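The structure appears right after this line, and notes come after that.
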Amino acid sequence: MGFPDRIERTVELAHPPDKVWAALTTAEGLGAWFGDEATIDLRPGGAAQMRWAEGSTVEMRVERVEEPTVFGFTWQIDELSESDPRRTYVEFTLEAAGAGTRLTVVETGFAQLPEEVYRKAYDGHVQGWARELGELAGHLDGA
C-alpha cells in the first residue's frame with residue numbers, strides 16, 4: 001500500500017519577502033514563531049536546532065539556501081529514534097505577491113516511514129503546518 005508522501009501549504013502574508021525570509025532563516029525569527037529557541041548555520045550542510053520550553057528539541061540540517069526565495073532543511077521524525085537516519089525534507093518558497101509574500105511550504109519523505117509510524121507522523125505534520133503557519137503570520141503581524 002502506498003502512502004501520501006507530500007504535504008503542501010500556501011499562505012499569503014501581508015509582509016515583504018525579506019521580512020518573511022528573516023522569520024524563516026534566522027535564529028531570532030525561528031525562535032519567535034516555530035520554537036521557543038533556535039540556532040541556525042544558514043548554509044547548505046549547516047546545523048540548526050529548535051528547542052521548546054517543555055523540553056523537546058529537534059535537530060535540522062540546512063540543505064538549500066537561495067536567498068531570498070528558497071530555504072530547505074531536513075529534520076528528525078519524532079516517531080523514530082534519534083539514531084534512525086530517515087528524515088523528511090521541508091522547503092519554503094517565497095514569491096512576491098503585490099506588497100506581500102506568497103509562501104509555500106512542502107514537506108516530503110513520509111513514504112519511507114514504516115507503516116506503524118507513518119499515520120501518526122504524517123497526520124501530526126499536516127496539523128502542525130496549519131498551526132505553525134498561523135503562528136508565523138501572527139508573529140509577522142506583531143500578535
Side-chain angles (χ1 to χ4, degrees), residues 1-95 97 100-143:
M1 173 169 98
F3 299 121
D5 189 52
R6 177 184 184 94
I7 298 168
E8 182 170 346
R9 296 285 178 267
T10 299
V11 294
E12 302 285 334
L13 300 166
H15 302 278
D18 61 328
K19 185 173 180 180
V20 178
W21 179 262
L24 298 173
T25 62
T26 66
E28 298 80 15
L30 286 168
W33 69 275
F34 204 1
D36 293 317
E37 186 179 337
T39 60
I40 187 168
D41 178 2
L42 189 62
R43 63 182 175 83
Q49 183 184 73
M50 287 190 301
R51 289 177 294 287
W52 286 265
E54 84 278 353
S56 61
T57 300
V58 66
E59 302 292 334
M60 303 149 54
R61 177 188 152 113
V62 175
E63 300 291 343
R64 190 169 174 198
V65 179
E66 296 176 20
E67 187 175 350
T69 58
V70 182
F71 170 56
F73 62 85
T74 53
W75 61 353
Q76 296 168 274
I77 301 161
D78 285 345
E79 290 74 15
L80 300 176
S81 72
E82 286 186 32
S83 63
D84 193 302
R86 290 174 283 192
R87 303 284 187 264
T88 56
Y89 175 69
V90 176
E91 186 170 277
F92 293 97
T93 304
L94 293 78
E95 178 184 352
T101 304
R102 178 174 300 111
L103 175 67
T104 301
V105 61
V106 176
E107 184 173 11
T108 58
F110 295 97
Q112 68 182 317
L113 299 179
E115 190 171 347
E116 64 273 11
V117 300
Y118 168 80
R119 182 53 57 196
K120 182 178 180 190
Y122 184 82
D123 290 351
H125 285 232
V126 166
Q127 294 168 4
W129 283 119
R131 181 181 61 251
E132 295 299 345
L133 291 173
E135 289 180 13
L136 170 61
H139 163 68
L140 290 168
D141 291 343

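On a predicted model such as this, the values are computed, not experimentally measured, just so you know. The first residue of the sequence shown is numbered 1, and numbering continues consecutively from there.
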Might you confirm whether atom CD of E82 has over 12 heavy atoms from other residues, nucleotides or ligands at distances under 6.0 Å?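 At most 12 heavy atoms, drawn from other residues, nucleotides or ligands, come within 6.0 Å of this atom.
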Heavy-atom pair with the smallest gap, counting every atom of [X] and [Y]:
{"X": "A38", "Y": "L30", "value": "CB-CB, 3.8 Å"}
{"X": "H15", "Y": "L140", "value": "CE1-O, 3.0 Å"}
{"X": "H139", "Y": "A32", "value": "CE1-CB, 3.3 Å"}
{"X": "G109", "Y": "T88", "value": "C-CG2, 4.0 Å"}
{"X": "A111", "Y": "D5", "value": "N-OD1, 2.7 Å"}
{"X": "T101", "Y": "P17", "value": "OG1-N, 2.9 Å"}

What pairs with R131 under salt bridge (charged side-chain N to carboxylate O under 4.0 Å, His left out), at least two apart in sequence or on another chain?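 Listed in chain order: nothing, the list is empty.
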S56 and E54: side-chain donor and acceptor closer than 3.5 Å?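 Their side chains do contain a donor-acceptor pair, which is all the 3.5 Å distance test asks for.
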Restricting to side-chain contact (heavy atoms from CB on, under 4.5 Å), what partner residues turn up for [X], sequence neighbours left out?
{"X": "R6", "answer": "E8, V106, T108"}
{"X": "E132", "answer": "W33, F34, W129, E135"}
{"X": "D84", "answer": "L80, S81, R86"}

So among L136, V90, L24, which one has a side-chain contact (heavy atoms from CB on, under 4.5 Å) with V105?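 So the option named by the test is V90.
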Out of the candidates T104, D18, V20, only one should pair with L94 under the side-chain contact (heavy atoms from CB on, under 4.5 Å) rule; please name it.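 Among T104, D18, V20, the one meeting side-chain contact (heavy atoms from CB on, under 4.5 Å) with L94 is V20.
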Step by step, work out the side chain to side chain contact (heavy atoms under 4.5 Å, CB included) result for E59 and T57. CA-CA 7 Å; E59 302 292 334; T57 300; 3.9 Å; yes
Going from [atom1] on [X] to [atom2] on [Y], what distance comes out if it is rounded to the nearest 0.5 angstrom?
{"X": "W21", "Y": "T69", "atom1": "CH2", "atom2": "OG1", "answer": "6.5 Å"}
{"X": "R102", "Y": "T93", "atom1": "CZ", "atom2": "OG1", "answer": "12.0 Å"}
{"X": "T74", "Y": "E107", "atom1": "OG1", "atom2": "CD", "answer": "10.5 Å"}
{"X": "D41", "Y": "M60", "atom1": "CG", "atom2": "CE", "answer": "12.0 Å"}
{"X": "K120", "Y": "E116", "atom1": "NZ", "atom2": "CD", "answer": "12.5 Å"}

Excluding sequence neighbours, so at least two apart, what forms ring-ring contact (aromatic ring centres under 6.0 Å, His included) with Y122?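 Residues passing ring-ring contact (aromatic ring centres under 6.0 Å, His included) with Y122: F110, Y118.
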Who pairs with F73 by ring-ring contact (aromatic ring centres under 6.0 Å, His included), at least two apart in sequence or on another chain?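 F73 satisfies ring-ring contact (aromatic ring centres under 6.0 Å, His included) with F71, W75 only.
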Run the side chain to side chain contact (heavy atoms under 4.5 Å, CB included) test on V117 and I77 for me, step by step, so that the C-alpha distance in whole Å, both residues' side-chain angles and the decisive distance to 0.1 Å come before the verdict. CA-CA 10 Å; V117 300; I77 301 161; 5.8 Å; no
Go through the steps for R43 and V65 under the test side chain to side chain contact (heavy atoms under 4.5 Å, CB included), then give the verdict. CA-CA 6 Å; R43 63 182 175 83; V65 179; 5.6 Å; no
